[in-house]
Amino acid sequence: MTFTSWRSLGTRTGYTEHSLAETLNGGQSFRWSLEENGVWRGTWNRCHVELRLRGSRLEWRTPEAAKVKRSEVERYLSLGESYAVACEELPWRSDPVLARAVERFRGLRILRQPFGETLFAFLLSSAKSIPQIKELCGKTAQAYGDEILPGVYALPTWKRLAEVPEKELRVLKFGYRAKYVSQTAKVLAEEPDFIEKLQETSYVEARSRLMELPGVGGKVADCTLLFGGSKLEAFPVDTWIAKVMSELYGLPDLNLEQMATFGRIHFGRYAGLAQQFLFSLVRQE
DNA sequence: CCGCAGCCTCCCCT
DNA sequence: AAGGGGAGGCTGC
């Protein structure tokens, strides 16, 4: 494959190697891999790009045949957003735990992934580690997705997934998640504008609609809305964040749903960004 | 309303 | 070395 030359995405993104790795490979997306030469390679929709950091300058390139636009990359990486403003608005001044996390992972941000792909990945996420989820996504793309470039496969659409028998997904080692994917695919196939309509509604409404889908509980709904729907007030509570709330915030008696509510109130409009900082913090320790 | 086992499979631990 | 327990969760009892 012939790539374009490296192009700058700016020198003021705030990214460090550390926070870039945490953003691309820290549990938001499962479609990035780090090559030996320090280059990140990732795929979303029909976009395929490489990223690297040269000092403070973030650079990208893409196979010429892929026809990826700079604006698509900027949007995906959420570069145009006022990231500094969001960080500034987080309550780190009165919250030493958050302050430590923000300091340690400066540059970490929330991606804007395709909604459908995000939903798919998080339907697979229960009781799975990041490498395992990546493996399942990769196998699914190869089995049912389009080959958008030689050897590069996009994830299949939900329409395509609706045609795949649950049994085949079990062969790919989806386990009990095969049923979630299969049944959700059927619902989405019957209601083609389900996802589109959902993105136009408020966080609260979108969350409860998403939770009607088989295999989607509060955590999966929040991850989908945060990483794939740009609902930055979503505060996903997994076992790691539960540990943070319990041990670092002194709230061991709240259940998961109560922790999610606490998070949205305590951290405010950008609770999801705070969650990602805290998630990186505990996961590292 | 709450808490818990079961679900697939893999991995880690003993 | 084989076998139990838990994993970035959801569902039904």
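Labels below follow one simple rule: chain letters A, B, ... track the order of the sequence lines, proteins then strands, and each chain is numbered from 1.
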Next item on the list: For dC4(B) and dG6(C), measure between their C1' atoms and round to the nearest Å.
Entry: 15 Å

Notebook entry, point to check: Which whole number of Å gives the distance between the C1' atom of dG5(C) and that of dA5(B)?
Noted result: 14 Å

Next item on the list: Starting at atom CD of E257(A), determine the distance to atom C1' of dC10(C), rounded to an integer number of angstrom.
Entry: 13 Å

Checklist line | Cation-pi, Y83(A) ring and R12(A) (6.0 angstrom, 45 degrees) | finding: no

Next item on the list: Whole angstrom is fine here: how far is it from CD in Q183(A) over to P in dC7(B)?
Entry: 16 Å

Notebook entry, point to check: Looking only at atom P, what distance separates dC10(C) and dC11(B), rounded to whole Å?
Noted result: 23 Å

Margin query: Under 4.0 Å between a side-chain nitrogen and a carboxylate oxygen: does that hold for R75(A) and E72(A)?
Written below: no

Check: Hey, are the side chains of K134(A) and N25(A) touching, using non-hydrogen atoms and a 4.5 Å cut-off?
Finding: yes

Next item on the list: Could you work out which one of dG8(C), dA7(C), dC11(B) sits closest to the side chain of Q132(A)?
Entry: dC11(B)

Next item on the list: Find which nucleotide of DNA chain C each of A127(A) and A221(A) is nearest to by heavy atoms, and output the residue with the more 5' nucleotide.
Entry: A127(A)

Notebook entry, point to check: Where is the tightest heavy-atom contact between Y203(A) and D222(A), given as atom of each residue plus distance?
Noted result: OH-OD1, 2.6 Å

Notebook entry, point to check: N255(A) side chain: which of dG9(C), dG8(C), dC2(B) is closest?
Noted result: dC2(B)

Note to self: With a 3.5 Å limit on both atom pairs, tell me what dA7(C) is paired to, counting Watson-Crick and G-U wobble, or say none.
What the structure shows: dT9(B)

Next item on the list: Using whole Å, report how far CZ of F279(A) lies from C1' of dG9(C).
Entry: 13 Å

Distance-only check: which donor-acceptor pairs under 3.5 Å involve side-chain atoms of residues 139-150 of chain A, not counting sequence neighbours?
residue: K139(A); atom: NZ; partner: L172(A); partner atom: O; Å: 3.1
residue: T140(A); atom: OG1; partner: L136(A); partner atom: O; Å: 2.7
residue: Y144(A); atom: OH; partner: E168(A); partner atom: OE1; Å: 2.6
residue: D146(A); atom: OD2; partner: R46(A); partner atom: NH1; Å: 3.0
residue: E147(A); atom: OE2; partner: G151(A); partner atom: N; Å: 2.8

Item checked: Protein-nucleotide distance (L256(A), atom CG; dC2(B), atom C1'), rounded to Å -> 13 Å

Next item on the list: Please measure how far the P atom in dC8(B) lies from the corresponding atom in dC13(C), and state the result in whole Å.
Entry: 15 Å

Notebook entry, point to check: Which of residues 171-179 of chain A sit near DNA chain B, with a heavy atom under 4.0 Å from it?
Noted result: K173(A), G175(A), Y176(A), R177(A)

Note to self: Tell me the closest heavy-atom pair linking V68(A) and V49(A), and the distance in Å.
What the structure shows: CG1-CG1, 3.9 Å

Margin query: Taking the basic N atoms (NZ, or NE/NH1/NH2) and the acidic carboxylate oxygens, is any pair closer than 4.0 Å for K186(A) and E190(A)?
Written below: no

Next item on the list: Measure the distance from CH2 on W240(A) to P on dG8(C) and round it to the nearest whole Å.
Entry: 7 Å

Item checked: Whole-Å P distance, dA1(C) and dT9(B) -> 26 Å

Check: Can you find a side-chain donor-acceptor pair between D95(A) and Y249(A) that sits under 3.5 Å?
Finding: yes

Checklist line | Plane angle bin for Y176(A) and Y180(A) - parallel if under 30°, tilted between 30 and 60°, otherwise perpendicular | finding: perpendicular

Margin query: If I take atom CD in residue Q284(A) and atom P in nucleotide dG8(C), what distance separates them, rounded to the nearest angstrom?
Written below: 16 Å

Collect all protein-nucleotide pairs involving nucleotides 11-13 of chain C in which both atoms are nitrogen or oxygen and the distance is under 3.5 Å.
residue: dT11(C); atom: OP1; partner: G215(A); partner atom: N; Å: 3.0

Next item on the list: Take atom CG of N25(A) and atom P of dG8(C), then tell me their distance rounded to the nearest Å.
Entry: 14 Å

Notebook entry, point to check: What is the distance, rounded to the nearest whole Å, between atom CG of L124(A) and atom C1' of dG8(C)?
Noted result: 13 Å

Item checked: Rounded distance in Å between the P positions of dG8(C) and dC13(B) -> 13 Å

Margin query: OP1 or OP2 of dC8(B) versus the side-chain N and O atoms of R170(A): is any pair under 4.0 Å?
Written below: yes

Note to self: Tell me whether R209(A) is salt-bridged to E205(A), with the criterion being a basic N under 4.0 Å from an acidic carboxylate O.
What the structure shows: no

